[in-house]
2 protein chains.
Amino acid sequence: MDEETKIPQATAKRLPLYYRFINNLYLQGKKRVSSKELSEAVKVDSATIRRDFSYFGALGKKGYGYNVEYLLSFFRKTLDQDETTEVALIGVGNLGTAFLNYNFMKNNNTKIVVAFDAQKERVGGEIGGVPIEHIDNLEEKMGNVSVAILTVPSQAAQGITDRLVAKGVSGILNFTPARITVPSTVRVHHIDLSVELQSLAYFLKHYPL
Amino acid sequence: MDEETKIPQATAKRLPLYYRFINNLYLQGKKRVSSKELSEAVKVDSATIRRDFSYFGALGKKGYGYNVEYLLSFFRKTLDQDETTEVALIGVGNLGTAFLNYNFMKNNNTKIVVAFDAQKERVGGEIGGVPIEHIDNLEEKMGNVSVAILTVPSQAAQGITDRLVAKGVSGILNFTPARITVPSTVRVHHIDLSVELQSLAYFLKHYPL
DNA sequence: CAAAAATCGTGAGTGATTTCACAAAGTCAG
DNA sequence: CTGACTTTGTGAAATCACTCACGATTTTTG
């Protein structure tokens, strides 16, 4: 618990990535893996991988590497892979639809259980097995999911955020360009597609490799 | 030129974000803005904003703040907003379609000019004004765009990447879960939607706010 | 079994980024 | 015009992240 608090954020962000690759190795029937091999697969320096793993104790064996099955079961526990986090998706536009069709449950502990939209034509049906409700019924139909994915037009972002927060959501994955305001008890991760593309273009022009 | 090379990467990543908010202010008719106001809007510490701006010289005035119009024209030049970067999109599935419908040209210097897909049913039409070609004709039809957005199934990612690289692409925005291998002259930015969601879930459970 | 090879875990160094905190310089009201 | 106020730009400190390099330990080979 107190131990976990000390794990650097940069490490925490890489854990799901490690988990997925270790799972792949397991499915391929590999018994052992070295930090060097893993490094080539996930494109993270091998010393960084060893350091990351070391925050959880000594998971490997010198001269041998890491036992895939052990590593997998360890990360499964650590990432709470056995316990599913239920997620609501707000905004069934192009991007929202993509998420609903995406099968998050592969290698994953998160599941979209309900979606909302403002357009009546979209309400009532379902996409990828997820029922679509009207945004007016947000409070009533969202149950107590703790995480929401926000894929609405930016103008609507803050208003819906306020309602989500009032309903007790504690994490928001925000795909709108708007920077939303939340109480300090709520965690927001921003993914701004247009910033990503622009920033890639900027790097290409100004940081020649 | 040499000056620009020294701008920290962390700063460079925030520039497109600054640009968009400054543009909003300009459209709202605001004449001046302080780092404190901007900080509240973009959710970046005001000292960080001042430091970021300072890499470009003294853009503000003490006791006054920053002149919105000046700032905007400065960032327009810096981010090459007048010069459009042409982009190809590979994989017109759910996510790819979302991109094509998304209007990137708002506040933006990037434009998707051509899309490719392996399914014949999708080829020939267009989405959001962008023509869809068959992946077999990639080399022939992509012209010399320098940036590609990869929204294909992970199994196809490396193969297509190799073809893109051979054709001279220098930047790839990779939305597949696969970690692709490229020569050191090519820049890749990864956006892994499932990692983002899992990592948010992990932070919620282990880093209480 | 002994020597060679592999590989982890980590101390220590380096580098990058953020934040504090304040002098300097300007604005603004009366 | 003066004094109170605002806000920048930046040195210096603090924090965070990454990488090197090597001792320790185990595996592997002959």
Side-chain angles (χ1 to χ4, degrees), chain A residues 3-15 17-18 22 25 30-72 74-75 78 184 190 199 202-203 206-207, chain B residues 3-15 17-18 22 25 30-71 74-75 78 179 184 190 199 202-203 206-207:
Chain A
E3 299 301 308
E4 281 177 343
T5 310
K6 286 178 206 144
I7 292 168
Q9 302 220 354
T11 296
K13 283 192 196 163
R14 283 187 290 263
L15 296 181
L17 185 62
Y18 294 148
I22 294 163
L25 292 176
K30 287 206 62 160
K31 297 291 181 228
R32 56 188 272 193
V33 64
S34 68
S35 61
K36 190 150 163 285
E37 284 174 275
L38 207 46
S39 169
E40 279 154 25
V42 301
K43 316 284 179 196
V44 171
D45 185 272
S46 69
T48 300
I49 292 179
R50 292 199 301 281
R51 173 82 58 194
D52 284 346
F53 286 6
S54 79
Y55 292 115
F56 299 99
L59 304 179
K61 213 187 277 185
K62 300 185 182 194
Y64 176 90
Y66 301 89
N67 179 290
V68 171
E69 195 170 343
Y70 176 71
L71 214 47
L72 186 65
F74 182 83
F75 275 106
T78 302
S184 64
H190 282 283
S199 126
Y202 182 83
F203 274 96
H206 299 275
Y207 292 72
Chain B
E3 298 302 307
E4 283 176 343
T5 309
K6 285 178 207 144
I7 293 167
Q9 302 221 353
T11 297
K13 283 192 197 161
R14 285 186 289 264
L15 296 181
L17 184 63
Y18 294 149
I22 294 163
L25 292 175
K30 287 206 62 161
K31 297 290 182 225
R32 55 186 272 191
V33 65
S34 68
S35 59
K36 188 148 163 287
E37 284 175 275
L38 208 46
S39 167
E40 278 153 25
V42 302
K43 315 286 179 196
V44 171
D45 185 89
S46 69
T48 300
I49 292 179
R50 291 200 299 283
R51 174 82 58 194
D52 283 347
F53 286 6
S54 79
Y55 292 116
F56 299 99
L59 303 179
K61 216 188 276 186
K62 299 184 184 196
Y64 177 88
Y66 300 89
N67 178 292
V68 170
E69 195 171 344
Y70 176 71
L71 214 48
F74 182 84
F75 275 105
T78 303
R179 255 39 189 181
S184 64
H190 282 282
S199 129
Y202 182 81
F203 275 96
H206 299 275
Y207 292 71

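Naming convention: chains lettered A, B, ... in sequence-line order (proteins, then strands); numbering from 1 in each chain.
Between the B:Tyr207 side chain and the A:Ile7 main chain, a donor and an acceptor come within less than 3.5 Å of each other. The main-chain N or O of B:Phe75 is never found under 3.5 Å from a side-chain atom of B:Thr78 such that the two would form a donor-acceptor pair.
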Pairwise N/O distances under 3.5 Å, protein to nucleotides 13-16 of chain C:
none

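Within the structure, salt bridge (Lys or Arg N to Asp or Glu O under 4.0 Å) contacts touching residues 32-42 of chain A (residues at least two apart or in different chains) are A:Lys30-A:Glu37.
Considering only side-chain N and O atoms, B:Thr11 lies nowhere under 4.0 angstrom from the phosphate OP1 or OP2 of C:dT17.
Among the nucleotides C:dG9, D:dC18, C:dT19, the one closest to the side chain of B:Ala47 is C:dT19.
When rounded to the nearest whole Å, the span between CG of B:Leu38 and C1' of D:dT7 equals 14 Å.
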Atom pairs and distances, donor-acceptor, side-chain atoms in residues 56-71 of chain B, under 3.5 Å, two or more places apart:
| from | atom 1 | to | atom 2 | distance (Å) |
| --- | --- | --- | --- | --- |
| B:Asn67 | OD1 | B:Glu69 | N | 3.0 |
| B:Asn67 | OD1 | B:Tyr70 | N | 2.9 |

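For B:Arg50, there are no salt bridge (Lys or Arg N to Asp or Glu O under 4.0 Å) partners two or more places apart in sequence or in a different chain.
Here A:Ser35 lies in heavy-atom contact (under 4.0 Å) with sugar-phosphate atoms only.
Two residues are said to be in side-chain contact when any heavy atoms from C-beta on lie closer than 4.5 Å; B:Tyr202 and A:Lys13 fail this criterion.
Counting atom types as modelled, B:Arg51 pairs no side-chain N or O with a base atom of C:dT17 as donor and acceptor under 3.5 Å.
Rotation axes derived from the C1' atoms of the five outermost pairs at either end of the helix from C:dC1-D:dG30 to C:dG30-D:dC1 lie 30° apart, to the nearest 10°.
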Q | Contact letters for nucleotides 22-30 of chain D, in which S counts primed atoms plus P, OP1 and OP2 and B counts the base, heavy atoms under 4.0 Å | A | -BBBBSS--

